[in-house]
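Here is the structure we will look at, set down as structure tokens.
Residue numbers count from 1 along this sequence. Counting convention: from 1, in listed order, for ligands and their atoms alike.
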Amino acid sequence: MTARPPSFTKFRDAQAELARSGAVLFRDADGVESLVVRYPYSIDYIHSYAEDSPFFLALADGRLRGSKCRKLKCGFVYATPRSHCMVCGTPTEWTDLPTRGRVHSWTTCHFGSEAFLKETPYNLALVEFDGVGSLLLVRLKDCAESDLYVGMPVEARFDPAPKYSITDVWFVPAP
Ligand SMILES: [Zn+2]
């Protein structure tokens, strides 16, 4: 008989076994069983933020920056950087965003990319701000999924040891 790795239905439960032996079976919701193996690799990923650089520099400074359309009659404010206005095509300028907002919607992630995998499950929210026309997609911490609701007041927290990454910011329930 062929040796079979242990079988799991939740990836989180399989992680310790993957770290130990390097192989598990993973059964999905449809009953399909997959062999999952681990092999370490390492790369240095060199990436330029280019025009988005002020956004990440601001996070390290404990600020949220967005873009504001320069056309006075438009003035649309974006919660994520954009070089040009999606409404009228005019170039934008940097503007400070509020650090308090409200939950517009959310989801709970049971899987994530490498930077977020250790945090699973985590809540990912679209946050809306007064005077801002678009939403910010950001992690929401210190809050159980069952306590979340649309309109919930939240405020930003910033990593005191910034890594110039989107992980430098997250939101928590506001008092
Ligand atoms: Zn505009």
Side-chain angles (χ1 to χ4, degrees), residues 10-12 28-29 41-175:
K10 291 183 179 166
F11 186 77
R12 188 178 181 82
D28 70 15
Y41 75 95
S42 174
I43 59 168
D44 287 326
Y45 184 61
I46 298 171
H47 173 76
S48 169
Y49 286 125
E51 289 180 322
D52 291 339
S53 298
F55 175 81
F56 292 94
L57 289 167
L59 294 184
D61 203 22
R63 291 186 303 149
L64 278 176
R65 301 199 85 189
S67 316
K68 182 177 183 178
C69 177
R70 288 182 180 173
K71 188 175 182 180
L72 288 178
K73 285 184 179 175
C74 177
F76 199 98
V77 178
Y78 297 88
T80 46
R82 294 199 168 278
S83 65
H84 289 71
C85 180
M86 288 174 62
V87 176
C88 71
T90 302
T92 63
E93 60 191 10
W94 289 97
T95 187
D96 281 328
L97 298 175
T99 52
R100 288 176 66 108
R102 294 170 303 278
V103 171
H104 179 83
S105 67
W106 79 90
T107 188
T108 300
C109 300
H110 294 268
F111 197 76
S113 60
E114 190 175 1
F116 305 106
L117 203 52
K118 287 179 189 165
E119 294 182 29
T120 56
Y122 63 90
N123 297 312
L124 197 57
L126 281 167
V127 173
E128 60 186 35
F129 303 96
D130 286 338
V132 178
S134 72
L135 305 165
L136 184 67
L137 183 65
V138 69
R139 289 167 302 153
L140 196 54
K141 293 187 179 184
D142 300 337
C143 184
E145 183 184 2
S146 56
D147 293 334
L148 277 164
Y149 61 93
V150 169
M152 180 182 199
V154 290
E155 63 185 16
R157 291 285 184 272
F158 300 91
D159 192 335
K163 294 154 192 75
Y164 302 109
S165 155
I166 195 62
T167 57
D168 288 351
V169 63
W170 61 91
F171 275 63
V172 297

* Asked: Looking at residues at least two apart in the chain, or sitting in another chain, which of them share a salt bridge (charged side-chain N to carboxylate O under 4.0 Å, His left out) with Glu155?
  -> Arg100, Arg157

* To do: Can you sort out the partners of Phe111 under ring pair (Phe, Tyr, Trp, His ring centres under 6.0 Å), two or more places apart, ordered by chain and number?
  => Phe11

* Residues in side-chain hydrogen bond (donor to acceptor under 3.5 Å, both in side chains) with His104, at least two apart? -> Glu128

* **Sphere of radius 2.8 Å around the Zn ion (ligand 1) - protein N, O or S atoms inside** => Cys69 SG, Cys74 SG, Cys85 SG, Cys88 SG

* Side chain of Lys163, backbone of Ala161: donor and acceptor closer than 3.5 Å? -> yes

* Asked: Is it true that a side-chain atom of Thr108 and a backbone atom of Tyr122 form a donor plus acceptor pair closer than 3.5 Å?
  -> no

* To do: Mind telling me whether Tyr49 and His47 have parallel, tilted or perpendicular rings, with 30° and 60° as the class edges?
  => perpendicular

